[in-house]
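All remarks here apply to the structure that follows.
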Amino acid sequence: QVQLVESGGGLVQTGGSLRLSCVASGSTFSVYSRDWYRQAPGKRRELVAGITNGGTTTYADSVKGRFTISRDNAKNTVYLQMNSLKPEDTAVYSCHYRSSSREYWGQGTQVTVST
């Protein structure tokens, strides 16, 4: 079992920055990808960024050049650095781990970008 706890969300003005953190506990040895998803009100959940065990990263087109995903293995933590935030980035951001046998989700953290 893996437990994921996100933090770092909040209210920020357009153009501002936030850094989200996702701390994992439990057995993560079989996890091979770590992602951030987001879901805005009335919209489908979408993949924002992902990072594999090998360090390969992927980003949604809408956040390329503004968001950066990274990981600290020693701290069992994945980060999402979000810069140049826009109102359309407002959503609940959730951490997602994928292992060979199942998926794990955090509870989510709210990010609100004001105009």
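Atoms considered below: every heavy atom in the structure, side chains included; atoms not considered: hydrogens, waters and symmetry mates.
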Decide yes or no for [X] and [Y]: does some side-chain heavy atom of the first lie under 4.5 Å from some side-chain heavy atom of the second?
{"X": "L80", "Y": "E6", "answer": "no"}
{"X": "M82", "Y": "Y93", "answer": "yes"}
{"X": "W36", "Y": "L47", "answer": "no"}
{"X": "T57", "Y": "T52", "answer": "no"}
{"X": "F67", "Y": "D89", "answer": "yes"}
{"X": "S94", "Y": "V92", "answer": "yes"}

**OP:** Could you pull out all residues at least two apart from V12 that satisfy side-chain contact (heavy atoms from CB on, under 4.5 Å)?
**Re:** L18, L85, V113
**OP:** Mind checking side-chain contact (heavy atoms from CB on, under 4.5 Å) for S84 and listing every partner two or more places apart, or none if nothing turns up?
**Re:** R66
Original post:
Could you walk me through whether D61 and K64 pass the salt bridge (Lys or Arg N to Asp or Glu O under 4.0 Å) check?
Top reply: CA-CA 5 Å; D61 288 342; K64 283 180 181 177; 3.1 Å; yes
**OP:** Kindly say whether R102 contributes a backbone atom to a donor-acceptor pair with the side chain of S99 at under 3.5 angstrom?
**Re:**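 It does hold such a pair.
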Original post:
Between the side chain of N53 and the main-chain N/O of S33, is any donor-acceptor distance below 3.5 Å?
Top reply: no
**OP:** With sequence neighbours left out, write down each residue that passes salt bridge (charged side-chain N to carboxylate O under 4.0 Å, His left out) with E103, or none if nothing qualifies.
**Re:** R98
Roughly how far, to the nearest 0.5 Å, is [atom2] of [Y] from [atom1] of [X]?
{"X": "T109", "Y": "R38", "atom1": "OG1", "atom2": "CZ", "result": "14.0 Å"}
{"X": "D35", "Y": "I69", "atom1": "CG", "atom2": "CD1", "result": "6.5 Å"}
{"X": "Q1", "Y": "S27", "atom1": "CD", "atom2": "OG", "result": "9.5 Å"}

Original post:
How far apart are the C-alpha atoms of T28 and N76, what are their side-chain angles, what is the distance that settles it, and do they pass the side-chain contact (heavy atoms from CB on, under 4.5 Å) test?
Top reply: CA-CA 9 Å; T28 61; N76 282 329; 4.3 Å; yes
**OP:** Sequence neighbours left out, what passes ring-ring contact (aromatic ring centres under 6.0 Å, His included) with Y37? Give chain and number order.
**Re:**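 Result, ring-ring contact (aromatic ring centres under 6.0 Å, His included) vs Y37: H96, W105.
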Original post:
According to a 4.5 Å side-chain heavy-atom criterion applied to Ile, Leu, Val, Met, Phe, Trp and Tyr, with indirect links allowed, do Y79 and I51 form part of one hydrophobic cluster?
Top reply: no
Original post:
Is there a donor in the side chain of S114 and an acceptor in the side chain of Q13, or the other way round, less than 3.5 Å apart?
Top reply: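 S114 vs Q13: no donor-acceptor pair found between side chains.
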Original post:
Are a donor atom and an acceptor atom from the side chains of D72 and T77 found within less than 3.5 Å of each other?
Top reply: no
Subject >> Within residues 32-87 or reaching into it, pairs that qualify as disulfide (SG to SG under 2.5 Å) - sequence neighbours excluded >> reply: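 Residue pairs passing disulfide (SG to SG under 2.5 Å), neighbours aside: none found.
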Original post:
Any disulfide (SG to SG under 2.5 Å) pairs touching residues 8-103, not counting sequence neighbours?
Top reply: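 The answer is C22-C95.
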Original post:
For Q110 and T90, which heavy atoms make the closest approach, and how far apart are they?
Top reply: NE2-CG2, 4.0 Å
Original post:
Hey, does the Lys NZ or Arg CZ of R34 hover above the aromatic six-ring of Y97, less than 6.0 Å from the centre and inside 45° of the axis?
Top reply: yes
